[in-house]
Amino acid sequence: MKKVLLSIAAVWFFGVFANAQSKSSTSANLTGRAADHLMFQIGTDTWINTPDSVKLGSGTSRHFNMYFMYDKPFKSNNKYSVAYGGGIGTNNIFFDNRTNVDLKSNAATLPFRRIDANANHFDKVKVTTIYLQAPLEIRYFSNPANPGKSWKYAAGVKAGFLFKSYTKSKNFVNSSGSSIYGKSYILKESNRRFFNATDITLTGRAGYGILSFDVGYTVTGVLRSGFGPVMNKFSAGITISGL
């Protein structure tokens, strides 16, 4: 089902973008339009193609991205522009609380261990990855002179480099669910060895004014080749941007 939704989203975004390209237009006066701006993204994440050993939780996995972007309109038709910049992307994937993601392991592949029902365990478990990213977009504006009152479409790619990856486990409980050390107890383990050092994500978004709906599909695996199951990341959310 996730693959189907991804395919539908990709076809919709790129179909809309291609349709916009086919329409004729004239250049507008862009005097006063900002050339640089901040872009914020919030939304949900998931890993797709996960094997049975990787049990994601029922809670909402999420991301927060922030980029500084520079927008350069095409001289031949300023309804189109290319935008590029840099920033940071954070991803938080929540797991079933009977799953132990053992980043401290010396094993050749990242262990995803199931915890026995009668054993003590953490109530909440997540994996966080933080990438330094460089996004690139081709954009279309229906009203380039007034982006705040314009339909907007964009397709692009983000290249990222792993900055940090860690697990965060919270509230150690017994088999009956009673807290052992208190609900504020947190255990963090950091290790970049298992995760892909590079991140290539295909992106698309569409919206009006400062808000747009975005999707992303990471073509590089979540884990390094040979360090665990081959999984990819899919994200969907909201972009807040002046352009």
Side-chain angles (χ1 to χ4, degrees), residues 5-6 9-10 12-14 16-17 20 30 32-48 59-73 78-94 126-166 168 195-196 198-220 222 232-243:
L5 292 175
L6 174 61
W12 180 73
F13 270 113
F14 287 96
V16 169
F17 190 75
L30 302 187
R33 186 174 110 169
D36 52 13
H37 61 287
L38 288 173
M39 185 166 72
F40 301 95
Q41 295 179 326
I42 55 175
T44 64
D45 289 337
T46 190
W47 290 353
I48 58 178
T60 301
S61 297
R62 56 186 179 264
H63 66 260
F64 174 77
N65 308 326
M66 181 176 68
Y67 309 108
F68 183 81
M69 303 289 290
Y70 182 79
D71 186 85
K72 188 173 182 179
N78 59 23
K79 283 193 173 184
Y80 301 94
S81 68
V82 60
Y84 51 89
I88 190 168
T90 65
N91 307 103
N92 300 278
I93 302 295
F94 287 84
K126 75 172 182 177
V127 167
T128 296
T129 53
I130 303 173
Y131 281 85
L132 303 178
Q133 293 181 317
L136 175 69
E137 288 186 331
I138 301 296
R139 297 171 170 176
Y140 170 83
F141 300 86
S142 64
N143 183 1
N146 191 353
K149 296 182 178 180
S150 174
W151 288 100
K152 303 172 182 178
Y153 309 97
V157 64
K158 292 188 291 190
F161 301 93
L162 184 62
F163 175 71
K164 190 174 184 179
S165 58
Y166 61 90
K168 183 178 179 180
F195 293 93
N196 210 325
T198 58
D199 173 288
I200 304 296
T201 301
L202 302 179
T203 63
R205 60 188 182 94
Y208 182 86
I210 66 170
L211 294 176
S212 56
F213 173 73
D214 64 75
V215 294
Y217 174 73
T218 303
V219 297
T220 48
V222 172
N232 301 86
K233 178 167 57 63
F234 174 69
S235 62
I238 298 295
T239 295
I240 302 173
S241 174
L243 291 175

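Nothing here was measured: the structure is a model prediction, and the numbers come from that model.
Remark: side-chain polar atoms of K152 are paired, donor with acceptor, to backbone N or O of P147 under 3.5 angstrom. The closest donor-acceptor contact from the side chain of S142 to the backbone of W151 lies under 3.5 Å.
For the 3.5 Å distance criterion, the side chains of H63 and D45 qualify, holding a donor opposite an acceptor. Counted by atom type alone, N196 and T220 present zero donor-acceptor pairs between their side chains at under 3.5 Å. Side chain to side chain, T218 and T201 meet the donor-acceptor criterion of an N or O pair below 3.5 Å.
S61 and I93 make their closest contact through OG-CA, 3.4 Å (heavy atoms, listed as atom of the first residue, atom of the second, distance). Of all heavy-atom pairs spanning S150 and N143, the tightest one is OG-N, 3.0 Å. Taking every heavy atom of both residues into account, Q41 and Y67 meet most closely at OE1-CE1, 3.6 Å. Residues S241 and M39 share a closest heavy-atom pair of CB-CG, 3.8 Å. Of all heavy-atom pairs between S81 and P73, the closest is CB-CA, 3.6 Å.
A cation-pi arrangement is not found for K72 relative to Y70, the charged atom failing to lie both closer than 6.0 Å to the ring centre and inside a 45° cone about the ring normal.
Using a cutoff of 4.0 Å between basic side-chain nitrogens and carboxylate oxygens, K158 and D199 are not scored as salt-bridged.
Applying side-chain hydrogen bond (donor to acceptor under 3.5 Å, both in side chains) to N92 and the options T44, T129, T128 leaves one that passes, T128.
Using a 4.5 Å heavy-atom cutoff, the side chains of Y84 and E137 are not in contact. Contact of the R139 side chain with the M69 side chain is registered, since non-hydrogen atoms from C-beta on lie closer than 4.5 Å. No side-chain heavy atom of T239 sits under 4.5 Å from any side-chain heavy atom of F40. Annotation: side chain of I48 is not in contact with side chain of K233 (no heavy-atom distance under 4.5 Å). Using a 4.5 Å heavy-atom cutoff, the side chains of Y131 and T90 are not in contact.
Shown here is F64, whose CZ atom has more than 12 heavy atoms of other residues, nucleotides or ligands within 6.0 Å. Residue F163 places its CZ atom among 12 or fewer non-hydrogen atoms of other residues, nucleotides or ligands, all under 6.0 Å distant.
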(message) Run H37 and F68 through side chain to side chain contact (heavy atoms under 4.5 Å, CB included) and show every step you take.
(response) CA-CA 6 Å; H37 61 287; F68 183 81; over 6 Å; no
(request) Please assess V157 against T203 for the test side chain to side chain contact (heavy atoms under 4.5 Å, CB included), listing each intermediate value before the final yes or no. (result) CA-CA 5 Å; V157 64; T203 63; 5.7 Å; no
(message) Set out, in order, the CA-CA distance, both residues' side-chain angles and the distance that settles side chain to side chain contact (heavy atoms under 4.5 Å, CB included) for I240 and L211, then state yes or no.
(response) CA-CA 5 Å; I240 302 173; L211 294 176; 3.7 Å; yes
(request) Walk me through it: do R205 and F213 pass the test side chain to side chain contact (heavy atoms under 4.5 Å, CB included)? (result) CA-CA 5 Å; R205 60 188 182 94; F213 173 73; over 6 Å; no
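Rounded to the nearest 0.5 angstrom, L132 CG and K164 NZ are separated by 12.5 Å.
Aromatic ring centres of F234 and Y217 lie farther apart than the 6.0 Å criterion allows.
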